[in-house]
Student: 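Dropping the structure in here first, questions after.
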Amino acid sequence: MASNKNLLMLPGDGVGPEVMHEVKRLIDWMAKRRSVSFNISEDLVGGASIDARGTPITEATVEAAKAADAVLFGSVGGPQWDKLGFAMRPEISILTLRKELGLFANLRPAIVLDPLVDASTLKADVVRGLDIMIVRESTGGVYFGEPRGVETLPNGEQRGFNTETYSTHEIERVARVGFDLARKRQNRLCSVEKANVMESGLLWRQVVTALHARDYADVELSHMYADNCAMQLVRNPRQFDVIVTTNLFGDLLSDLASMLTGSLGMLPSATLGAADATGRRHALYEPIHGSAPDIAGKGIANPLAQILSFAMLLRYSFEMDEDATMIERACTAVLASGLRTADVMAAGCAKVGTQVMGEALIREMDKQAA
Ligand code: IPM
Ligand code: MG
């Protein structure tokens with residue numbers, strides 16, 4: 001079947017290829033049952049690319065990602081690559097893709113599905129029904145700012161330094177993504193920084209406030225310091241709808257938020273670039289979990305975060321809302337039927353591996369399509 005949907009798959013390391021395999025199963029099903037097809041290409045990133053090509057990501061792979069309509073990323077990293085130099089870390093691959101494709105808005109949902117309400121370490125009453133979206137700025141801030149480095153001081157001591165920088169347009173474009181998402185949800189946006197101690201945070205607050213007054217006065221806007229936000233997320237997470245924040249704070253707060261749900265293995269993410277005149281935008285989708293080297297190759301990883309990342313891909317890159325919703329419902333249904341991978345195992349449930357979970361999902365898709 002010819003297709004105009006060009007999809008690049010980058011499974012990466014550890015459990016990445018195993019969970020990606022279950023997405024391929026789903027894609028085959030979609031071709032058969034929904035007559036949807038994709039032009040799929042696949043490439044190496046992270047440690048797999050270091051081993052085969054001597055670099056975490058090649059220029060050709062970056063070019064392939066730019067040419068694709070959407071990139072589905074697995075996960076990268078593992079202990080065998082930790083001893084290589086800083087520039088040879090598998091993590092460089094994802095940072096390079098974010099930067100080269102201009103993927104500045106990282107959408108990280110934290111949703112508590114009903115069947116998993118007891119998987120959280122917080123009380124069920126605190127997290128039941130939780131549905132928040134963290135929008136993390138992902139091409140600026142202290143992870144990319146210059147100057148950066150390690151220098152030797154006159155006294156022989158070493159000094160490491162990084163720089164937090166944010167310009168008006170960087171703040172504005174990611175805030176817009178936050179406001180636009182809020183409008184499609186509960187219409188509330190909380191902007192998070194440290195305006196009390198950082199100049200870049202003060203500018204952040206001013207720019208978001210001005211943009212709100214100019215273009216988004218209908219959205220309920222609040223501001224919060226990042227440390228308070230961390231505390232509030234644990235105290236009463238349902239007070240939030242959409243959170244927009246910097247690269248560093250978003251990295252921390254999204255990990256925190258993911259654990260409110262009880263399983264990292266369940267959460268997808270999307271990272272979006274700016275739309276061009278035709279509405280086309282670069283986009284990369286990946287699970288929030290890492291490569292989990294400790295369980296790689298055992299066939300026990302939870303494939304649902306990778307599958308839900310694919311659902312986000314359908315929704316945001318191809319406007320296939322109906323298919324995305326079907327997949328999300330099927331995930332909930334599989335869990336409700338009592339199947340669990342080890343990471344979300346609970347008393348009275350049946351523990352299954354990656355492949356059985358993937359097959360069960362397909363059966364649910366069959367039911368939904370019937
Ligand atoms: C994430 C990860 C990355 C980050 C690493 C792998 C570079 O922690 O996506 O949150 O810090 O952005
Ligand atoms: Mg992180």
Side-chain angles (χ1 to χ4, degrees), residues 10-16 19-20 44-50 55-57 61-62 65 71-82 84-110 132-145 148 160 162-166 170 174 177 192 226 229-230 233 243-261 263-273 282-294 296 305-306 308-309 312-313:
L10 302 172
D13 307 319
V15 298
V19 292
M20 195 70 90
L44 303 175
V45 280
S49 175
I50 294 175
T55 171
I57 185 163
T61 306
V62 172
V71 178
L72 189 63
F73 194 91
S75 47
V76 291
Q80 64 268 53
W81 301 290
D82 280 352
L84 303 176
F86 201 67
M88 281 288 265
R89 284 165 308 135
E91 289 82 356
I92 295 285
S93 58
I94 185 67
L95 294 173
T96 302
L97 284 169
R98 285 179 192 155
K99 196 68 184 175
E100 290 285 318
L101 274 65
L103 305 172
F104 63 85
N106 186 199
L107 278 48
R108 299 188 158 190
I132 59 187
M133 176 71 92
I134 297 190
V135 181
R136 166 191 177 191
E137 198 291 327
S138 46
T139 51
V142 73
Y143 290 6
F144 292 96
R148 61 188 297 162
N162 292 87
T163 310
E164 169 93 351
T165 67
Y166 272 113
E170 287 177 299
V174 74
V177 173
V192 171
C229 181
L233 273 170
I243 291 174
V244 64
T245 187
T246 67
N247 202 343
L248 172 63
F249 295 145
D251 193 13
L252 306 184
L253 295 173
S254 63
D255 261 33
L256 192 161
S258 70
M259 259 301 127
L260 300 173
T261 72
S263 175
L264 220 51
M266 289 295 308
L267 295 174
S269 76
T271 318
L272 310 176
H282 288 310
L284 180 147
Y285 302 82
E286 59 179 321
I288 289 202
H289 64 69
S291 56
D294 52 323
Q306 191 76 55
L308 290 167
S309 299
M312 280 186 101
L313 179 152

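Counting starts at 1 for both ligands and their atoms, in listed order. Quick caveat, the model's predicted, so the values are computed rather than measured.
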Student: Identify which of Asp251, Ile288, Leu95 has a heavy atom lying nearest to atom 2 (C) of ligand 1.
Tutor: Asp251

Student: Starting from atom 6 (C) of ligand 1, find the nearest protein heavy-atom neighbour and note its residue, name and distance.
Tutor: Glu91 CG, 3.4 Å

Student: Quick one: does any side-chain atom of Thr165 pair with a main-chain N or O of Gly141 as donor and acceptor, under 3.5 Å?
Tutor: no

Student: For Glu286 and Ile288, indicate whether the former's side chain and the latter's backbone hold a donor-acceptor pair under 3.5 Å.
Tutor: no

Student: Look at the side chain of Thr139 and the backbone N and O of Leu103, then say whether any donor-acceptor pair between them is shorter than 3.5 Å.
Tutor: no

Student: Identify the residue among Thr246, Thr271, Asn247 that makes a side chain to side chain donor-acceptor pair (under 3.5 Å) with Arg136.
Tutor: Asn247

Student: Using non-hydrogen atoms of the residue, decide whether Arg136 is closer than 4.0 angstrom to ligand 1.
Tutor: yes

Student: List the residues meeting side chain to side chain donor-acceptor pair (under 3.5 Å) with Arg108, not counting sequence neighbours, and say none if there are none.
Tutor: Asn106, Ser254

Student: Is it the case that the side chain of Ser291 and the backbone of Asp13 share a donor-acceptor pair, with hydrogens and angles ignored and the cut-off at 3.5 Å?
Tutor: no

Student: Pairing donors with acceptors under 3.5 angstrom, does anything connect the side chains of Ser93 and Glu91?
Tutor: no

Student: Any atoms of ligand 1 less than 4.0 Å from a non-hydrogen atom of Tyr143? List them with their elements.
Tutor: 11 (O)

Student: Checking Arg148 side chain against Tyr143 main chain: does a donor-acceptor pair fall under 3.5 Å?
Tutor: yes

Student: Does ligand 1 have any atom sitting under 4.0 Å from a heavy atom of Arg89?
Tutor: no

Student: State whether the side chain of Arg98 and the backbone N or O of Leu95 hold a donor-acceptor pair below 3.5 Å, judged by distance alone.
Tutor: no

Student: If we only look closer than 2.8 Å, how many protein N, O or S atoms does the Mg ion (ligand 2) have near it?
Tutor: 1

Student: Give the residue, atom name and distance (to 0.1 Å) of the protein heavy atom nearest atom 1 (C) of ligand 1.
Tutor: Arg108 NH2, 3.3 Å

